[in-house]
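All remarks here apply to the structure that follows.
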Amino acid sequence: MSNAVITDKGPSTLRGASLPKWSPYAIAAGSVALGLGISAAAGLSSSIQWALIAGLLFVLGTYVIAARVEGRRQAKDRVATALVWVAFLLAVVPLVSLVWSTISRGVKVLDFYFLTHSMGLVADSEPGGGIYHAILGSLEQVALATVIAAPIGVLTAIYLVEYGRGKLAKAVTFFVDVMTGIPSIVAGLFILSIMLMFDMQPFGFAGSLALAILMMPVVVRSTEEMLKLVPNELREASLALGVPKWRTILKVVLPTSLGGITTGIMLAIARIAGETAPVLLLVWGNSLINANPFEGAQQSLPLYIYQQYANSAGAGAAYDRAWAASLTLIAFVMILNLVARGIARWKAPKTGR
Amino acid sequence: MAKRIDVSGLTAYYGSHKAIEDISMTVEPRSVTAFIGPSGCGKSTFLRTLNRMHEVTSGGRVEGKVLLDDEDLYGQGIDPVSVRREVGMVFQRPNPFPTMSIFDNVAAGLRLNGSYKKSELSDVVEKSLKGANLWNEVKDRLNKPGSGLSGGQQQRLCIARAIAVEPKVLLMDEPCSALDPISTLAIEDLIGELKERFTIVIVTHNMQQAARVSDRTAFFNLAAVGQPGKLIEIDETERIFSNPSVQATEDYISGRFG
Ligand SMILES: Nc1ncnc2c1ncn2[C@@H]1O[C@H](COP(=O)(O)OP(=O)(O)OP(=O)(O)O)[C@@H](O)[C@H]1O
Ligand SMILES: [Mg+2]
């Protein structure tokens, strides 16, 4: 009797109707075509409009078709996937177009001469000149800011994660949170007020101080997260070997999280490399080469871009230089990111035989 | 080399929660003492008070005395770091240092303590790995990361790491709970060899294991959930498993619990 039940199988309950593999692409193509058609018919000129219409159609179409064929649960699943894809495209399209326009406009004057010469006495409205002084200034200011902010930030994070208990730790966390929210112009004004008290002229290091204020909380936050990822068992294993706590932190905790900490610092550097406001207030800008960050006005890349744009009075040459400098700045940040990734991969805890 | 442990009136807290209460016992040198008892009765907590690892957990607090050959571990001026050099520990889950090679893992205790001669280091590593029955399996790949070993090999690596610093006492918290029977047997054999040199305390949920490896067995229990755990009795392993003096022990061992 029980045998009869087993052999008498109905249709499988594990299998259901499903859309073919290519269906998302087909729906996407259909939505784009429809979006183009609608905007052509309605006479809409902006490409943003048809893209949004197409995105909306894609999500709706996916739901309707999947609900018809596969059922509601699978339809929800497919809609979630479709939403993720649409969001991804919405994020990537502006990024790609930004990089594309910077590259296409920036390469015009970007050459070896441009990278190795300063503006000197070239007037803003004339062609010629370069950004050597700005690159030099940026590198020096950012490097000095990093030298100040990275150690303080990492040490603060170590304190918070490894030692911090009670009121002091809470207070430090609170101040770090507040610092994260400081607008860059306020950090600049803060340093400026000190400079004015001592009657000082603009110089590069003042800018570094403001940048360090902006960088520190970012380093603290990212380092904190990385240290928290180190399993407690490793700390205990080391302590149980009779290793003092400070050596445990230095030799076990930090090496384990080094990749992540470095990545965090690199990203913080990338963030301050593009700061304009405090540099404008404190470093002032300079069309000549000044290699000494401790005396006299310096130039920096973001400031150079701003000034070329603002002072050009519509001259094409200045525009071209601003774009070329933007491209250099983006390249600089990109290189930093790649280096950070390289270090993270190189230093990641190793597995395998 | 091996040292005797004398515990009297030991109570341990997590914050305001009293985890174990008023425990007194003696652990003989050059012997294996097993701790058994239901989950949550404070075996790990008690074990960790024996090398001052309990206070590493936030809120961890201890009252009472632990004498290591007449010296109170909780006495004034005692440095927990020095205590942990004398009383080593192997944890339930293998935890090799992920950034270090097999060699560096074993050498870690010496290196991190900064007290070693370069020329002796590779001898110590070889001796410890042989002592942990791991040498033959890893001698060709000492420079490979320790996390690339199997779970059982990793646990033996951790034992090698613990014995490399030549502790007087070795505490093991369920060292075999994640291992297969063969690795378990390897570690049990190892315990048999190690007890000639060290005083060994092992926590286990495996009755047969306790019966196989230990000379003396301590049974812990707790009156109810949330109550502190207590030592019910400690005696020769044979007696505990054949003719314990407390009814609760017999119930626990024969599985007549709850
Ligand atoms: N880190 C901690 N913080 C607070 N309470 C804890 C902590 N660790 C353990 N406890 C509590 O202390 C008591 C004893 O725990 P312990 O880990 O010593 O038990 P155990 O006997 O080792 O159990 P098991 O056999 O499951 O390992 C339990 O009630 C537990 O909830
Ligand atoms: Mg335990």
Side-chain angles (χ1 to χ4, degrees), chain A residues 154 158-170 172-173 223-264 342-353, chain B residues 47-48 51-59 79-102 104-115 138 140-141 143-150 157-158 161-167 170-171 173:
Chain A
V154 170
I158 290 178
Y159 167 76
L160 287 177
V161 175
E162 305 289 337
Y163 294 95
R165 304 257 183 282
K167 287 220 175 83
L168 182 58
K170 284 225 180 79
V172 173
T173 310
T223 308
E224 240 186 313
E225 293 310 317
M226 289 305 138
L227 291 178
K228 281 184 192 156
L229 284 182
V230 176
N232 234 341
E233 289 144 36
L234 292 182
R235 296 188 180 87
E236 295 201 336
S238 172
L239 291 176
L241 286 173
V243 180
K245 185 162 182 174
W246 66 271
R247 272 194 96 96
T248 299
I249 294 169
L250 207 62
K251 300 282 183 165
V252 175
V253 178
L254 282 182
T256 309
S257 52
L258 192 63
I261 294 175
T262 324
T263 312
I343 291 178
R345 187 168 299 178
W346 173 49
K347 280 292 177 187
K350 297 164 188 69
T351 50
R353 299 170 64 95
Chain B
L47 199 72
R48 289 163 62 93
N51 67 342
R52 297 197 61 169
M53 284 296 287
H54 179 62
E55 62 208 52
V56 171
T57 1
S58 67
D79 180 6
V81 171
S82 328
V83 170
R84 291 175 202 141
R85 281 184 202 172
E86 303 235 314
V87 186
M89 188 161 200
V90 175
F91 296 82
Q92 178 169 358
R93 285 211 310 188
N95 51 2
F97 299 126
T99 49
M100 298 185 193
S101 67
I102 293 173
D104 292 341
N105 259 288
V106 181
L110 295 174
R111 278 215 183 117
L112 298 185
N113 287 333
S115 58
V138 301
D140 307 321
R141 45 196 261 223
N143 291 320
K144 297 286 157 59
S147 41
L149 296 172
S150 81
L157 180 65
C158 293
R161 182 176 68 186
I163 61 180
V165 290
E166 287 286 322
L170 194 58
L171 309 175
D173 193 352

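Per chain, numbering begins at 1; letters A, B, ... match sequence-line order. As the structure is a computational prediction, the values presented were derived from the model and not from experiment.
- Residues of residues 229-236 of chain A that come closer than 4.5 Å to chain B, counting heavy atoms only, are A/Glu233, A/Leu234, A/Glu236, ordered by residue number.
- The closest side-chain heavy-atom distance from B/Leu157 to B/Leu149 is below 4.5 Å.
- In this view, B/Gln92 and B/Glu174, B/Ser177 satisfy the side-chain contact (heavy atoms from CB on, under 4.5 Å) rule, not counting sequence neighbours.
- Annotation: cation-pi pair A/Lys245/A/Tyr163 present, NZ/CZ under 6.0 Å from the ring centroid and within 45° of its normal.
- Heavy atoms of A/Ser238 lying under 4.5 Å from chain B belong to its backbone as well as its side chain.
- Judged as a side-chain hydrogen bond (donor to acceptor under 3.5 Å, both in side chains), and not counting sequence neighbours, B/Arg84 has no contacts.
- Only the backbone of B/Val87 has a heavy atom closer than 4.5 Å to any heavy atom of chain A.
- Interface remark: of the candidates B/Val81, B/Val83, B/Leu110, B/Val81 forms the most heavy-atom pairs closer than 4.5 Å to chain A.
- Under the rule for a salt bridge (charged side-chain N to carboxylate O under 4.0 Å, His left out), the partners of B/Asp104 that lie at least two apart in sequence or sit in another chain are B/Arg111.
- Interface remark: B/Phe97 contributes backbone and side-chain atoms alike to the contact with chain A (heavy atom separation under 4.5 Å).
- For B/Pro96, the part lying near chain A is the backbone, with the side chain staying farther off; criterion is any non-hydrogen pair under 4.5 Å.
- Annotation: side chain of A/Val253 is not in contact with side chain of A/Val161 (no heavy-atom distance under 4.5 Å).
- Proximity of a side-chain donor or acceptor of B/Arg48 to a complementary backbone N or O of B/Met53 within less than 3.5 Å is detected.
- Contact check for A/Thr262 versus A/Leu258: side-chain heavy atoms found under the 4.5 Å cut-off.
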